[in-house]
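Nothing here was measured: the structure is a model prediction, and the numbers come from that model.
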Amino acid sequence: MTIPTEPSTPTGLIFDIQAHSVHDGPGTRTTVFMNGCPFNCEWCCNPEGLSRKPVVMHRDGRCQHCGKCIEACPKGAISLGADGVETFDRSLCTDCTTYECVEFCYHEGNVLSGKRYTIDQIIAICQRDRAYWGSGGGVTFSGGEPLLQRNFMLPLLKRCREIRINTCIETTASLPSDYFMEAAALLNWIFVDIKNMDPVAHKAKTGADNALTLKNLRLLGASDLDCFVVIRIPVIPGWNDSEANIRATARFVKECGLEVINLLPFHRLSESKWRQVGEDYAFKDIPGMTLEDLKPHAQWVREEGITCYTGWETPF
């Protein structure tokens, strides 16, 4: 199976599209999950979206251990372990563009995550779903980091604006400022994660510091753009859940002139995805959090003068 190279018409690499989403912005929405991210968060809930190219996911529950993928792989990347289970040497898959292990798997044990769409195709999906959004809904671009795909996203956002589709984005904001603000001007709603106020700690768990994120939030707060901004903090036990960090984040948000923080409890729903992409899940021994666990964190945020919502208990 040959994956076509990117044509002259802008296309976006997308690993999932979910209709009727109610947790990714106001109202009912269609959420488009885009590949690539400037961060590499150890707890990421969509590890298949971190890569800027399609990713083979091996689903052991569907695998029949027939050996077809072993025979088909031209790079010898797949072998049988001592337990009779297929083992992938992912270092040999880096340059693969033909994905024979997927083509010759008839049981969907190996599937390819990541497919290219044109702007017209995304607009057609939005128009299909539009009747079910209601008055406050629209499309949300998530990921990964959707704005990494600049040549696709800017014309897509402009097209959405032309036909009055409400747009929302879930972003790291870790992007060149001129471009980030150009994109922000085309959006109705923006979620930005602040993962940790300490740049050293931030880099240790995400692979990059937080300088661009904080800079762009200052610009957003000082701008007169007609979009609503919500700061999200994925609360990670033992890493960013201290009173000092939560209060520092709330104070920064207030200094920026922003008003709302949404605390997200750590969960382990992505554990199986990490196995499917052949990576160890660093948080496999860390229990998930409940909304009850976030009560003190929410109180710290509110004491700093910021409106705070926890989990999915939000008005948006």
Side-chain angles (χ1 to χ4, degrees), residues 18 21-34 37 39 41 45-46 133-134 136-147 153 157 160 165-175 180-181 183-197 202 210 212-236 240-241 245-267 289 291 294 297-316:
Q18 296 179 1
S21 171
V22 294
H23 297 310
D24 295 312
T28 302
R29 312 191 70 83
T30 298
T31 303
V32 179
F33 294 87
M34 305 193 62
C37 190
F39 295 165
C41 301
C45 58
N46 292 317
W133 288 341
V139 61
T140 295
F141 298 100
S142 185
E145 169 52 70
L147 293 179
M153 282 303 300
L157 291 174
C160 289
I165 288 178
N166 182 285
T167 53
C168 172
I169 200 164
E170 296 172 333
T171 177
T172 64
S174 186
L175 298 145
F180 178 77
M181 295 303 290
L186 297 168
L187 289 156
N188 299 105
W189 198 283
I190 303 176
F191 290 105
V192 180
D193 277 8
I194 297 181
K195 301 175 193 297
N196 199 312
M197 289 299 292
H202 193 282
N210 56 8
L212 271 176
T213 300
L214 302 185
K215 176 185 177 183
N216 288 333
L217 279 172
R218 289 189 182 95
L219 291 173
L220 267 184
S223 76
D224 57 359
L225 295 181
D226 186 21
C227 60
F228 193 76
V229 180
V230 175
I231 304 303
R232 278 178 167 169
I233 305 176
V235 181
I236 310 301
N240 68 352
D241 61 339
N245 183 64
I246 297 295
R247 286 190 182 276
T249 307
R251 287 195 291 270
F252 172 79
V253 169
K254 190 173 184 179
E255 289 168 8
C256 289
L258 304 174
E259 300 173 347
V260 179
I261 287 178
N262 182 194
L263 299 174
L264 302 178
F266 167 73
H267 63 72
M289 300 179 75
L291 295 187
L294 292 180
H297 307 77
Q299 185 62 27
W300 300 332
V301 171
R302 290 168 185 142
E303 287 173 359
E304 297 294 339
I306 295 293
T307 300
C308 184
Y309 301 101
T310 56
W312 313 121
E313 293 183 345
T314 71
F316 43 80

Give a yes or no on whether the backbone of [Y] and the side-chain of [X] come within a donor-acceptor separation of less than 3.5 Å.
{"X": "Arg247", "Y": "Glu303", "result": "no"}
{"X": "Thr31", "Y": "Ser142", "result": "no"}
{"X": "Asn240", "Y": "Pro234", "result": "yes"}
{"X": "Thr28", "Y": "Gly137", "result": "no"}

side-chain contact (heavy atoms from CB on, under 4.5 Å) assessment of Asp193 paired with Glu170: CA-CA 8 Å; Asp193 277 8; Glu170 296 172 333; over 6 Å; no
Show the numbers, then the answer: is there a side-chain contact (heavy atoms from CB on, under 4.5 Å) between Asn210 and Asn196? CA-CA 8 Å; Asn210 56 8; Asn196 199 312; 5.6 Å; no
Within a strict 4.5 Å, meaning less than it, do heavy atoms of the [X] and [Y] side chains meet?
{"X": "Met181", "Y": "Leu220", "answer": "yes"}
{"X": "Leu147", "Y": "Met34", "answer": "no"}
{"X": "Trp189", "Y": "Val230", "answer": "yes"}
{"X": "Trp300", "Y": "Leu263", "answer": "no"}
{"X": "Pro146", "Y": "Val32", "answer": "no"}
{"X": "Asp24", "Y": "Phe191", "answer": "no"}
{"X": "Glu145", "Y": "Ser174", "answer": "no"}

Here the gap from Trp133 atom CH2 to Ser21 atom OG, rounded to the nearest 0.5 Å, amounts to 12.0 Å
Straight-line distance of Ile261 CD1 to Phe252 CZ, nearest 0.5 Å: 10.5 Å
Do Phe141 and Leu157 pass the side-chain contact (heavy atoms from CB on, under 4.5 Å) test, and can you show the C-alpha distance, the side-chain angles, and the key distance before you say yes or no? CA-CA 10 Å; Phe141 298 100; Leu157 291 174; 3.8 Å; yes
Search all heavy atoms of [X] against all heavy atoms of [Y] and return the closest pair with its distance.
{"X": "Cys168", "Y": "Gly25", "answer": "SG-CA, 4.3 Å"}
{"X": "Gly311", "Y": "Leu264", "answer": "O-CD2, 4.0 Å"}
{"X": "Gly143", "Y": "Asn46", "answer": "O-ND2, 3.1 Å"}

Atom CD of residue position Glu304 - does it have more than 12 heavy atoms of other residues, nucleotides or ligands inside 6.0 Å? yes
My understanding is that only residues two or more places apart in sequence, or in another chain, count here; which of them pass side chain to side chain donor-acceptor pair (under 3.5 Å) with His202? Thr206
Using the ring-ring contact (aromatic ring centres under 6.0 Å, His included) rule, take Phe316 and Tyr309 through it: C-alpha gap first, then chi angles, then the decisive distance, then the call. CA-CA 10 Å; Phe316 43 80; Tyr309 301 101; 5.6 Å; yes
Decide yes or no on side-chain contact (heavy atoms from CB on, under 4.5 Å) for Val192 and Asn216, but give the supporting numbers first. CA-CA 10 Å; Val192 180; Asn216 288 333; over 6 Å; no
Could you point out which residue of Thr310, Ile233, Val301 forms a side chain to side chain contact (heavy atoms under 4.5 Å, CB included) with Leu294? Thr310
